[in-house]
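Numbers restart at 1 for each chain; the letters A, B, ... are given by sequence-line order, proteins then strands.
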There are 2 protein chains.
Amino acid sequence: MPLTPRTSDLKATGLIGTLRCCQLFSGLSAEDLAVIAGFIVVQKLAKDEYLFHEGDPSRGCYLVQSGAVNVHRVSAAGKEQVIHVFRSGESFAEAALASPTGYPANARAVEASTVLVIPKAPILELIGRRPDLAMRMLGSMSGHLRVLVGMLDDLTLKDVETRLLNWLVKHAPAGPTGKIHLAGTKRVLAAELGTSSETLSRTLGRLRDQHLITVSGKIITVHNLPAIQSLLRRNLGEHENP
Amino acid sequence: MPLTPRTSDLKATGLIGTLRCCQLFSGLSAEDLAVIAGFIVVQKLAKDEYLFHEGDPSRGCYLVQSGAVNVHRVSAAGKEQVIHVFRSGESFAEAALASPTGYPANARAVEASTVLVIPKAPILELIGRRPDLAMRMLGSMSGHLRVLVGMLDDLTLKDVETRLLNWLVKHAPAGPTGKIHLAGTKRVLAAELGTSSETLSRTLGRLRDQHLITVSGKIITVHNLPAIQSLLRRNLGEHENP
DNA sequence: GGCCAGCCTTGACCCACGTCAAGTTCCGGG
DNA sequence: CCCGGAACTTGACGTGGGTCAAGGCTGGCC
């Protein structure tokens, strides 16, 4: 169609760029990427808007283009357990493609975000024709399994201080000292660590008293990364039998 | 080869029966099943023998033919967190097929068991040629993801009593009263529920005092399933806002 | 500038659960 | 039949961390 050729070209170019960058599709042929770009739906989410709820029938899977999406469950008691926060370039809900039941969790935008919706039917059809794409899906789900397994030991084998230290080490920029800018409120971080804001506050306080970090508003300054890493290692091993 | 034709026929027949019964392969053509049976390796495990350890390079994935296999992680402190106990007909470690890294957990036989080892290379090759098999693998991994997500709320959103009630409901035979025969020792059940044997003992005791169950050796008799279900529901909802 | 509303912090309190320790019961072997 | 050990039970105790409640702090808004 000669109508709006530039617009759709631009759209396709931007999409294909995003697709090429994400782990799920990188390495596919330009032709396949174009096919995928053809049936993708772009969806914008406001902060705190839900992408789907637990039990919703599945539309397909998702790829974060910008922003961040919090995938979580809520208990009968109304408490929210964060499973993972997916950021730009990451894909999620692949599991929903292969299973007839609805989504097993909820997804909500942490901030204003853009996600690419990959509809179920056409991607399944393409997977059927492209074995290497099937492999990638398997690989991606296997990665998610590992993340969940990691969460399991986080939740069962470590206390809050250890989880926080681990989070700090993962998020601190390189170099002995560095600043971490909190994306959301501290309550959100507490939820991500599976604790309450009060306990997080106390734990941060304890690290501050040991001069390992300073906290000011949404900025956490790491003063002594090696000391933090060694404290983390000590915590992980402290109950060891001699 | 004319040698031992009956033996290998018998082996193949038994294998194909097992394959046909398991969720992963049921519905595949007899021809494909024969191919799979051709490269499967049968492995017997003594009680407490390890099938693989965390970090081992992956041989392939597994199908339990008889017995039970405990997949778990161990923390730096030496504590063991059970991820799942797989029993006859269930498959696991599919994730290892698609990812170049080693196994992310350990697997050990709870009792004397027989597992079918499905080697990596030939099954991957077959998946490449049989899109519906790829779908099944995706479905199976999606199921494992759901199990893990379920474990997550078990561990974070419920106390031990609630987890035990949930376990009882899942394992009790139909009808208002029924007997559950414990497969392993009570310490094993405690580990499966993510607690210590002492706490399990106390919790069972409390339920006994309420005349909901009786415990005698390895037999748990459920006297009042509806009451247990209603107690479970009450526990799940007790912190609800009105 | 003053005010209100969220956040964050701190203290007090409580409870579930893990751990240690001291019995019991139940086997399997000599 | 007795003994030793494993599994189980029960009690006592400590503690991490969740919850409630009461301030400080900050920032938007009139």
Side-chain angles (χ1 to χ4, degrees), chain A residues 47-48 75 77-82 110 153-165 167 180-209 213-221 235-236 238-242, chain B residues 47-48 75 77-82 110-111 153-166 180-209 213-220 231 235-236 238-241:
Chain A
K47 177 174 151 71
D48 290 335
S75 74
K79 294 194 61 168
E80 185 173 297
Q81 171 62 46
V82 179
V110 174
D153 22 89
D154 274 12
L155 287 170
T156 55
L157 307 172
K158 295 171 191 162
D159 59 14
V160 172
E161 176 170 309
T162 311
R163 272 177 267 159
L164 175 58
L165 289 170
W167 187 93
I180 307 176
H181 189 96
L182 286 186
T185 158
K186 292 220 177 94
R187 165 161 263 105
V188 171
L189 173 57
E192 227 177 300
L193 295 173
T195 185
S196 67
S197 61
E198 291 97 323
T199 299
L200 172 62
S201 181
R202 276 186 253 272
T203 312
L204 283 171
R206 232 175 300 129
L207 296 183
R208 178 170 19 81
D209 294 349
I213 60 174
T214 53
V215 182
S216 143
K218 290 202 181 309
I219 308 283
I220 299 178
T221 309
N235 275 4
L236 285 174
E238 71 182 353
H239 301 293
E240 220 148 74
N241 13 353
Chain B
K47 178 173 151 70
D48 291 334
S75 74
K79 294 194 59 168
E80 185 173 299
Q81 171 62 47
V82 178
V110 174
E111 55 197 84
D153 17 272
D154 274 11
L155 287 170
T156 56
L157 307 172
K158 296 172 191 162
D159 59 15
V160 172
E161 177 171 309
T162 311
R163 272 177 269 158
L164 174 58
L165 288 171
N166 190 37
I180 307 176
H181 190 98
L182 286 186
T185 157
K186 291 219 178 93
R187 165 161 261 103
V188 171
L189 173 58
E192 229 177 296
L193 294 172
T195 185
S196 67
S197 62
E198 291 96 323
T199 299
L200 173 61
S201 182
R202 277 185 253 274
T203 311
L204 283 171
R206 232 176 302 129
L207 296 183
R208 179 171 15 84
D209 294 348
I213 59 174
T214 53
V215 182
S216 142
K218 292 205 180 307
I219 307 281
I220 299 178
L231 181 55
N235 275 4
L236 285 173
E238 72 182 354
H239 300 295
E240 219 149 74
N241 17 352

| request: Assess whether side chain to side chain contact (heavy atoms under 4.5 Å, CB included) is satisfied between A/Leu207 and A/Leu165, documenting all intermediate values. | output: CA-CA 9 Å; A/Leu207 296 183; A/Leu165 289 170; 4.1 Å; yes
| message | Run the side chain to side chain contact (heavy atoms under 4.5 Å, CB included) test on B/Ile220 and B/Leu182 for me, step by step, so that the C-alpha distance in whole Å, both residues' side-chain angles and the decisive distance to 0.1 Å come before the verdict. | response | CA-CA 8 Å; B/Ile220 299 178; B/Leu182 286 186; 4.2 Å; yes
Output the single nucleotide from [options] whose closest atom is nearest the side chain of [X].
{"X": "B/Thr199", "options": "D/dG17, C/dT10, C/dC17", "result": "C/dC17"}
{"X": "A/Thr185", "options": "C/dC8, D/dT19, C/dC17", "result": "C/dC8"}
{"X": "A/Arg187", "options": "C/dG18, C/dT9, C/dC8", "result": "C/dC8"}
{"X": "A/Glu198", "options": "C/dC17, D/dT10, C/dT10", "result": "C/dT10"}
{"X": "A/Lys186", "options": "C/dC8, C/dG18, C/dC17", "result": "C/dC8"}

| Non-hydrogen atoms of A/Gly217 and A/Lys186 that approach each other most closely | O-NZ, 3.4 Å
| request: Please name the pair of heavy atoms, one in B/Ala183 and one in B/Glu111, separated by the smallest distance, quoted to 0.1 Å. | output: CB-OE1, 4.4 Å
Between atom [atom1] in [X] and atom [atom2] in [N], what is the gap in whole Å?
{"X": "B/Arg163", "N": "C/dC17", "atom1": "CZ", "atom2": "P", "value": "7 Å"}
{"X": "A/Leu189", "N": "C/dC7", "atom1": "CG", "atom2": "C1'", "value": "14 Å"}
{"X": "A/Arg202", "N": "C/dG11", "atom1": "CZ", "atom2": "P", "value": "9 Å"}
{"X": "A/Asp159", "N": "D/dG18", "atom1": "CG", "atom2": "C1'", "value": "15 Å"}
{"X": "B/Lys47", "N": "D/dA6", "atom1": "NZ", "atom2": "C1'", "value": "12 Å"}
{"X": "A/Leu207", "N": "C/dT9", "atom1": "CG", "atom2": "P", "value": "12 Å"}
{"X": "B/Lys218", "N": "D/dC8", "atom1": "NZ", "atom2": "P", "value": "5 Å"}
{"X": "A/Leu204", "N": "C/dT10", "atom1": "CG", "atom2": "P", "value": "10 Å"}

So, OP1 or OP2 of [N]: does either fall under 4.0 Å of a side-chain N or O from [X]?
{"X": "A/Ser196", "N": "D/dG18", "result": "yes"}
{"X": "A/Ser201", "N": "C/dT9", "result": "yes"}
{"X": "B/Ser197", "N": "D/dA7", "result": "no"}

| Within the distance-only criterion (no hydrogens, no angle test), does the side chain of A/Thr203 pair as donor or acceptor with the backbone N or O of A/Thr199 below 3.5 angstrom? | yes
| said: By the 4.0 Å heavy-atom rule, please label B/Gly194 as base, sugar-phosphate, or nothing. | reply: sugar-phosphate
